[in-house]
Amino acid sequence: MPELPEVETTRRGLLTKVIGQTILRVTVRDRRLRWPIPTNLEKLLEGRVVTGISRRGKYLLWDIEASSGGGILLCHLGMSGSLFTTRLSTPHAKHDHVDITLGNKVLVRYHDSRRFGAMLWIAGAIPSHPLLDTLGPEPLGDHFDGAHLFNASRERTVSIKEFIMNAHIVVGVGNIYASEALFAAGIRPTTPAGRVSHRRYDLLATAIQRTLARAIDAGGSSLRDYVKVNGEPGHFQLSANVYDCATKPCRVCGTLIKTIRQGQRSTYFCPHCQR
DNA sequence: CGAGAGTCCTGAAGGC
DNA sequence: TGCCTTCAGGACTCTC
């Protein structure tokens with residue numbers, strides 16, 4: 001399940017193989033993702049050059065250059081999607097929905113069994129799109145800190161865990177890292193967001209940044225079906241403190257980790273360390 | 001506007 | 001062995 005570290009790991013893995021390459025051919029086998037893949041995507045991409053790949057939240061943005069006005073290929077991996085490179089001769093497997101053949105004979109393949117992902121086109125060089133324009137700050141960028149969380153949370157009754165998972169507040173904090181960051185900050189996930197102090201939001205902001213940065217350094221998590229661009233699994237699961245650790249002893253105090261449901265999602269926390 | 005539920009989808013896992 | 005149910009999860013969309 002790709003979260004921000006997995007998406008960033010994917011971006012870095014793709015960079016060296018696609019920058020400066022001409023897209024020779026695009027093959028779409030199934031357009032039914034979260035939204036349909038545009039029927040003219042092949043025509044928009046073929047013959048054009050990839051000049052960069054950036055990331056906004058969990059969206060990957062491919063800069064596509066063209067003499068007659070370029071654009072941006074917007075990709076989201078949903079929760080079961082992956083982008084990986086392989087050889088042209090590799091036969092496609094079930095749920096391999098899109099192939100992008102590059103001039104250097106590298107094949108970029110999009111795989112997504114649950115089809116919650118997206119592949120859309122933004123015309124022009126400016127990454128403006130309804131999906132992007134309302135997003136909150138990047139957790140590892142300059143505009144994210146405890147003050148931002150504190151100010152955005154006043155009068156909010158939603159739980160702190162659901163609050164930090166809201167992409168309009170801050171992008172890239174998914175279910176796994178939300179539990180991990182709250183554990184690191186010692187905050188109970190059920191606490192109403194509006195009742196968390198500025199001091200504790202400072203701790204939480206730092207915890208979010210450290211948790212994500214560590215996961216990126218480790219190459220992303222591999223809790224379910226995530227694999228890196230080269231097909232190897234990530235390793236964050238080895239250092240998860242609470243996620244998927246129900247009834248296991250807390251690494252800090254030994255109290256049994258508890259799991260609850262919040263917003264139809266599983267939350268894990270230590271009843272002793274998090275208050 | 002905020003909060004909460006519903007929704008898309010497939011595959012793994014567990015129960016009987 | 002095999003069917004049925006439950007769970008997993010990002011994030012938009014709808015309702016109140």
Side-chain angles (χ1 to χ4, degrees), chain A residues 1-11 29-37 55-61 74-83 92-98 110-120 122 129-139 149 151-182 189-196 208 212 215 220-227 233-234 236-237 240 242-247 259-268:
Chain A
M1 66 199 76
E3 295 205 31
L4 187 145
E6 291 80 2
V7 177
E8 177 61 21
T9 300
T10 297
R11 187 187 75 84
R29 296 187 193 82
D30 195 338
R31 296 184 187 278
R32 299 173 301 165
L33 301 186
R34 183 100 164 60
W35 300 280
I37 295 175
R55 180 186 56 74
R56 181 72 179 94
K58 296 175 188 170
Y59 294 95
L60 283 173
L61 307 173
L74 179 153
C75 293
H76 196 294
L77 302 180
M79 55 156 286
S80 60
S82 60
L83 273 170
H92 66 83
K94 196 176 181 183
H95 306 305
D96 285 345
H97 303 312
V98 181
Y110 177 78
H111 177 100
D112 187 0
S113 63
R114 272 155 273 192
R115 304 209 311 270
F116 281 12
M119 199 165 286
L120 299 171
I122 303 173
H129 188 279
L131 291 171
L132 303 176
D133 296 344
T134 57
L135 293 178
E138 289 289 329
L149 291 177
N151 293 331
S153 63
R154 295 307 86 190
E155 311 299 321
R156 297 288 292 265
T157 59
V158 69
S159 73
I160 180 66
K161 193 237 185 182
E162 291 174 271
F163 180 71
I164 60 173
M165 286 180 65
N166 182 344
H168 299 112
I169 302 301
V170 56
V171 298
V173 183
N175 201 42
I176 301 167
Y177 299 109
S179 281
E180 292 299 317
L182 286 165
T190 49
T191 309
R195 300 231 307 262
V196 175
I208 288 171
L212 292 176
S221 92
S222 63
L223 281 157
R224 299 270 176 243
D225 36 18
Y226 175 75
V227 290
F236 184 73
Q237 60 178 353
V242 288
Y243 186 82
D244 217 12
C245 297
T247 74
T259 180
I260 57 173
R261 300 286 293 180
Q262 288 184 289
Q264 298 148 282
R265 300 221 180 105
S266 294
T267 298
Y268 300 84

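Order of the sequence lines fixes the chain letters, A, B, ..., with proteins taken first and strands second; residue numbering starts at 1 for each chain. Every value quoted in this text rests on a predicted model; they were computed, and no experiment measured them.
- By the side chain to side chain contact (heavy atoms under 4.5 Å, CB included) test, Asp96(A) pairs with Arg29(A), Phe84(A), His92(A), Ala93(A), Arg109(A), His111(A), sequence neighbours left out.
- For the helix from dG2(B)-dC16(C) to dC16(B)-dG2(C), the rotation axes defined at the first and last 5 base pairs enclose an angle of 50°, given to the nearest 10°.
- Residues that satisfy the ring-ring contact (aromatic ring centres under 6.0 Å, His included) test with Tyr59(A), not counting sequence neighbours, are His76(A).
- Annotation: salt bridge (charged side-chain N to carboxylate O under 4.0 Å, His left out) contacts involving residues 130-139 of chain A, sequence neighbours excluded, comprise Arg55(A)-Glu138(A), Arg56(A)-Glu138(A).
- Of the candidates Asp112(A), Val98(A), Thr10(A), Thr10(A) is the only one forming a side-chain contact (heavy atoms from CB on, under 4.5 Å) with Leu83(A).
- The side chain to side chain contact (heavy atoms under 4.5 Å, CB included) search around Ser159(A) returns Lys161(A), Glu162(A), Gln262(A), not counting sequence neighbours.
- Partners of Thr259(A) according to the side chain to side chain contact (heavy atoms under 4.5 Å, CB included) rule, which considers only residues two or more places apart in sequence or in another chain, are Ala246(A), Ser266(A), Tyr268(A).
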Would you tabulate the nitrogen or oxygen pairs shorter than 3.5 Å linking the protein to nucleotides 12-16 of chain C?
unit_1	atom_1	unit_2	atom_2	d
dC12(C)	OP1	Tyr59(A)	OH	3.2
dC12(C)	O4'	Arg34(A)	NH2	2.7

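- Residues meeting the side chain to side chain contact (heavy atoms under 4.5 Å, CB included) test with Arg195(A), sequence neighbours left out: Pro192(A).
- Residues forming a ring-ring contact (aromatic ring centres under 6.0 Å, His included) with Tyr110(A) (at least two apart in sequence, or on another chain): none.
- Remark: Thr247(A) pairs with no residue by the side-chain hydrogen bond (donor to acceptor under 3.5 Å, both in side chains) rule, at least two apart or across chains.
- Taking the 5' to 3' direction, DNA chain B first and last meets chain A under 4.0 angstrom from a heavy atom at dG2(B) to dG11(B).
- For dG10(C), the base is stacked against the aromatic ring of Phe116(A), per a cut-off of 5.5 Å between centres and 30° between planes.
- Contacts of Gln264(A) with the nucleic acid, taken as non-hydrogen atoms under 4.0 Å apart, include base atoms.
- Partners of Arg32(A) under the salt bridge (charged side-chain N to carboxylate O under 4.0 Å, His left out) rule, at least two apart in sequence or in another chain, are Asp30(A).
- Taking atom CG of Asn175(A) as the reference point, atom P of dG10(C) lies 5 Å away to the nearest angstrom.
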